[in-house]
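Everything below concerns the one structure shown next.
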Amino acid sequence: MAHLEPYLSSFELKNPYRGATHPVEGRRWQLLWLISLGWTIKEAAKVIGINYDYAKEIVKGYNQQGEIAILRKKLPPKKRPSHALLNTLQLEELHLSLKGESPDGGRGERAQSCIMDCPKNRETKSR
């Protein structure tokens, strides 16, 4: 049986599980509630349909940080990879050129033409 720090009782763990508005948070609370009732991490994870290793991370986070660890965290916005074929200006030009109807019927020739006409790609094309 897994150990849970006594931040909340079983009864107190059941309330956020039942009242969760987001399914991810709801499953996390349900996992903790089931473990507080004597279930193993493996059993609880299987019943609620989450990976065992992920369930262990939830328990570990709860034991270290309490309720804060269970709340859904917003991830920072993804940055464009540094190895992108187009820089920001070229990407904006591509978006502008692709607005409207496609004369080729949407086969991608227009996008390919725009990408190949970018200065960076002209050098590669001429080699």
Side-chain angles (χ1 to χ4, degrees):
M1 184 168 78
H3 168 75
L4 286 182
E5 290 294 327
Y7 296 113
L8 299 171
S9 68
S10 290
F11 179 77
E12 291 170 318
L13 286 169
K14 185 177 180 179
N15 290 334
Y17 150 56
R18 298 271 181 161
T21 57
H22 194 276
V24 171
E25 283 183 17
R27 279 193 292 279
R28 291 175 186 168
W29 286 114
Q30 184 181 16
L31 174 77
L32 296 174
W33 175 60
L34 291 173
I35 292 169
S36 75
L37 296 175
W39 291 48
T40 65
I41 295 175
K42 193 174 195 173
E43 293 168 338
K46 186 175 182 179
V47 166
I48 63 174
I50 63 172
N51 179 284
Y52 172 68
D53 291 327
Y54 176 56
K56 287 193 312 185
E57 288 298 315
I58 293 169
V59 172
K60 179 181 176 182
Y62 177 76
N63 283 337
Q64 291 174 347
Q65 301 173 348
E67 295 178 57
I68 300 293
I70 303 309
L71 302 177
R72 201 168 60 103
K73 297 162 187 73
K74 291 189 178 182
L75 299 174
K78 291 185 179 180
K79 293 182 181 178
R80 289 192 53 224
S82 61
H83 62 278
L85 294 176
L86 304 177
N87 64 30
T88 306
L89 179 62
Q90 293 168 331
L91 190 58
E92 182 60 31
E93 287 176 9
L94 176 61
H95 285 293
L96 290 174
S97 71
L98 292 177
K99 286 188 176 180
E101 280 295 311
S102 175
D104 64 0
R107 291 189 303 270
E109 295 164 10
R110 189 171 170 194
Q112 180 182 4
S113 169
C114 181
I115 290 170
M116 295 312 292
D117 286 341
C118 290
K120 178 180 174 183
N121 291 322
R122 275 190 223 130
E123 294 169 12
T124 308
K125 211 162 106 177
S126 64
R127 290 183 194 169

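Any value given below was found using the heavy atoms of this structure, including those in side chains, with hydrogens, waters and symmetry copies removed. We number each residue from 1, following the sequence as shown.
- The structure places CD of Glu43 at 9.5 Å from NZ of Lys46, a figure rounded to the nearest 0.5 Å.
- A side-chain donor-acceptor contact under 3.5 Å links Gln90 to the backbone of Asn87.
- Summarising the geometry, atom OG belonging to Ser36 is positioned 12.5 Å from atom NE2 belonging to His3; distances are rounded to the nearest 0.5 Å.
- In this structure the side chain of Leu13 never reaches within 4.5 angstrom of the side chain of Leu37, judged on heavy atoms.
- Once rounded to the nearest 0.5 Å, the distance linking CD1 of Ile70 with CG of Leu8 reads 9.5 Å.
- Side-chain polar atoms of Tyr54 and Arg28 form a donor-acceptor pair below 3.5 angstrom.
- Going from atom CZ of Arg27 over to atom NE2 of His22 covers 8.5 Å, rounded to the nearest 0.5 Å.
- Looking at heavy atoms from C-beta onward, Lys14 lies out of side-chain contact with Ser10 at the 4.5 angstrom threshold.
- Placement of Leu31 and Leu71 in two distinct hydrophobic clusters is found when ILVMFWY residues are connected by side-chain heavy-atom separations under 4.5 Å, directly or transitively.
- Here the side chains of Val47 and Trp39 are in contact, with some heavy-atom distance below 4.5 Å.
- Atoms CD and OG1, on Glu93 and Thr88 in that order, are 11.5 Å from each other to the nearest 0.5 Å.
- Exactly one of Phe11, Trp29, Trp33 qualifies for a ring-ring contact (aromatic ring centres under 6.0 Å, His included) with Tyr17. That residue is Trp33.
- Aromatic ring orientation, Tyr62 versus Tyr7: perpendicular (interplanar angle above 60°, classes split at 30° and 60°).
- Contact detail for Gly61 and Ala69: the closest heavy-atom pair is O-CB, 3.2 Å.
- Scanning both residues, Ile41 and Ala55, for their nearest heavy atoms gives CG2-CB, 3.6 Å.
- Taken to the nearest 0.5 Å, the CD atom of Glu5 stands 13.5 Å off from the NZ atom of Lys60.
- Applying the salt bridge (charged side-chain N to carboxylate O under 4.0 Å, His left out) rule to Lys56 yields the partners Asp53; only residues at least two apart in sequence or on another chain are considered.
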